[in-house]
Amino acid sequence: MLQQTQVGTVRDYYARFLARFPDVRALAAAAPDEVLALWSGLGYYQRARHLQRAAQVVTGELDGRFPTSAAGWQALPGVGRSTAAAIAAFCFGERAAILDGNVRRVLARTHGIAGDPGTAAARERLWSLADSLLPESGIEAYTQGLMDLGAEVCLPRAPRCDTCPLAMLCVAHARGEPLAYPARPRRARRGARASTWLWLQAGDALWLVPRPARGIWSGLWSLPEFDSPEALRAALPGLPGAPRQGAAFVHVLTHLDWTLQPLYWALRGRERRRLQAELATLWPDGRWVAIEEALALGIPAPLRRLLADAAAASPPARRERGARSGG
Ligand code: SF4
């Protein structure tokens, strides 16, 4: 969870996740949708899928025993070289080098390594430097010290050189330009995109479809998405009447500002039955899901907010009378 996400955000997710999956066997045996549901809102959902696949490898192929070396950890889905090294150093005292973003910055500054650390050549150089600096003993303290230095002292925009224990030997500090290292990677320009979301409700049931296996929110359940309201109407000519237009909102992703416009249709039983063939043709894997059941699935965070609003607005007595699921 902490790869790409800050501690403050992760804390509650972590507690809920561990309460539901207290050990590796519980995680391995869970329904993937339940794992994604507990991850919903953390983003980078591939991490959740990898975590479960790793748990299945541990239980299925390693007889429930965790690897005891960096190489063994790195063989698990989703565990990179640096994470594997950190686990092996702390748990088994293995002399293995870490190189996460913070450590890359510390090494680039202390050794005056210019260039974009994201390039293959710079990465290679930094890895061999990290390997060459490993102490003969005390790998745990060394690794923790390096991590703390990157997290607390050698900060990206405001390095605390005056209190840094490495100031005497730091090249960037000696040159008076710590911020010049490492070079900033060239960022791709942020994009913008607008989509229309189809909220199709019959009683208490909502039509949900699985998102594609690749791309944003891959594999989560979501509302059908279209490039425009016109594209939506063209794809589903059987939709009755005019929709209620929900408030558009912008979902901010690392590379994209995504404007989503929900359009709401409430179908009567007859209308739902008439539309079913069109829905099943467009989304053979789609299904009607009761709103409260949908909240327990792996769904994107903005949809979770819309669902929570809808659940709060719908009195329980009415919800019980509504359609449940199927289709
Ligand atoms: S002296 Fe400054 S730039 Fe160098 S490692 Fe310490 S905090 Fe970072």
Side-chain angles (χ1 to χ4, degrees), residues 1-11 13-14 42-44 46-47 69-71 73-74 78-190 252-255:
M1 286 181 181
L2 287 169
Q3 290 171 339
Q4 322 260 3
T5 308
Q6 293 179 340
V7 175
T9 308
V10 158
R11 200 172 279 134
Y13 282 88
Y14 181 70
L42 270 181
Y44 300 103
Q46 189 69 347
R47 294 178 299 179
S69 68
W73 275 96
Q74 209 181 330
V79 182
R81 181 172 169 184
S82 186
T83 304
I87 295 169
F90 288 127
C91 297
F92 314 111
E94 182 176 330
R95 284 182 73 243
I98 61 166
L99 193 65
D100 62 12
N102 283 350
V103 175
R104 268 202 293 272
R105 182 173 61 255
V106 170
L107 295 187
R109 285 177 176 168
T110 51
H111 290 75
I113 298 173
D116 178 352
T119 64
R123 260 205 316 270
E124 201 43 52
R125 190 163 166 216
L126 285 166
W127 269 117
S128 54
L129 177 61
D131 280 334
S132 72
L133 293 171
L134 289 176
E136 287 302 324
S137 62
I139 186 70
E140 300 90 338
Y142 170 80
T143 304
Q144 187 64 58
L146 203 49
M147 291 166 90
D148 287 348
L149 199 70
E152 306 285 344
V153 182
C154 193
L155 301 173
R157 288 194 194 84
R160 297 177 177 151
C161 301
D162 47 344
T163 58
C164 176
L166 298 183
M168 292 291 285
L169 42 88
C170 176
V171 172
H173 179 56
R175 290 178 184 164
E177 47 178 10
L179 295 186
Y181 302 88
R184 290 197 186 286
R186 260 189 285 146
R187 287 196 184 282
R189 277 205 2 218
R190 288 183 64 74
V252 178
L253 296 157
T254 27
H255 61 296

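Residues: numbered from 1 along the sequence shown. Order of appearance sets the numbers: ligands from 1, and atoms from 1 within every ligand.
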Open item on the list: Can you tell me if Ala167 contacts ligand 1 (heavy atom of the residue under 4.0 Å from the ligand)?
Closed with: yes
Task: Closest approach of any protein heavy atom to atom 6 (Fe) of ligand 1, naming residue and atom - done: Cys164 SG, 2.3 Å
Task: N, O or S from His173 under 2.8 Å to atom 4 (Fe) of ligand 1 - done: no
Open item on the list: Check whether Arg184 reaches the backbone of Ala180 with its side chain - one donor and one acceptor, N or O, closer than 3.5 Å.
Closed with: no
Open item on the list: Give me the nearest non-hydrogen protein atom to atom 8 (Fe) of ligand 1 as residue plus atom name, then the distance to 0.1 Å.
Closed with: Cys154 SG, 2.4 Å
TODO: Look up atom CG in Leu42 and atom CG in Leu2, then write down how far apart they are to the nearest 0.5 Å.
DONE: 9.5 Å
Task: CA sep, side-chain torsions, deciding dist, call: Glu136, Arg95, side-chain contact (heavy atoms from CB on, under 4.5 Å) - done: CA-CA 8 Å; Glu136 287 302 324; Arg95 284 182 73 243; 3.9 Å; yes
- [ ] Starting from atom 2 (Fe) of ligand 1, find the nearest protein heavy-atom neighbour and note its residue, name and distance.
- [x] Cys161 SG, 2.4 Å
Task: Interfacing atoms of ligand 1 (cut-off 4.0 Å, heavy-atom, Thr110) - done: 5 (S)
TODO: Inspect the surroundings of CZ in Arg125 and state if more than 12 heavy atoms from other residues, nucleotides or ligands are less than 6.0 Å away.
DONE: no
Task: Under 4.0 Å to a heavy atom of Pro178 - the qualifying atoms of ligand 1, by number - done: 3 (S)
Task: side-chain contact (heavy atoms from CB on, under 4.5 Å) partner of Leu129, the single match among Ile113, Thr110, Leu99 - done: Ile113
TODO: Look at atom 4 (Fe) of ligand 1 and say which protein heavy atom is nearest, naming residue and atom and giving the distance to 0.1 Å.
DONE: Cys170 SG, 2.3 Å
Task: Salt bridge flag under 4.0 Å for residues Asp131 and Arg81 - done: yes
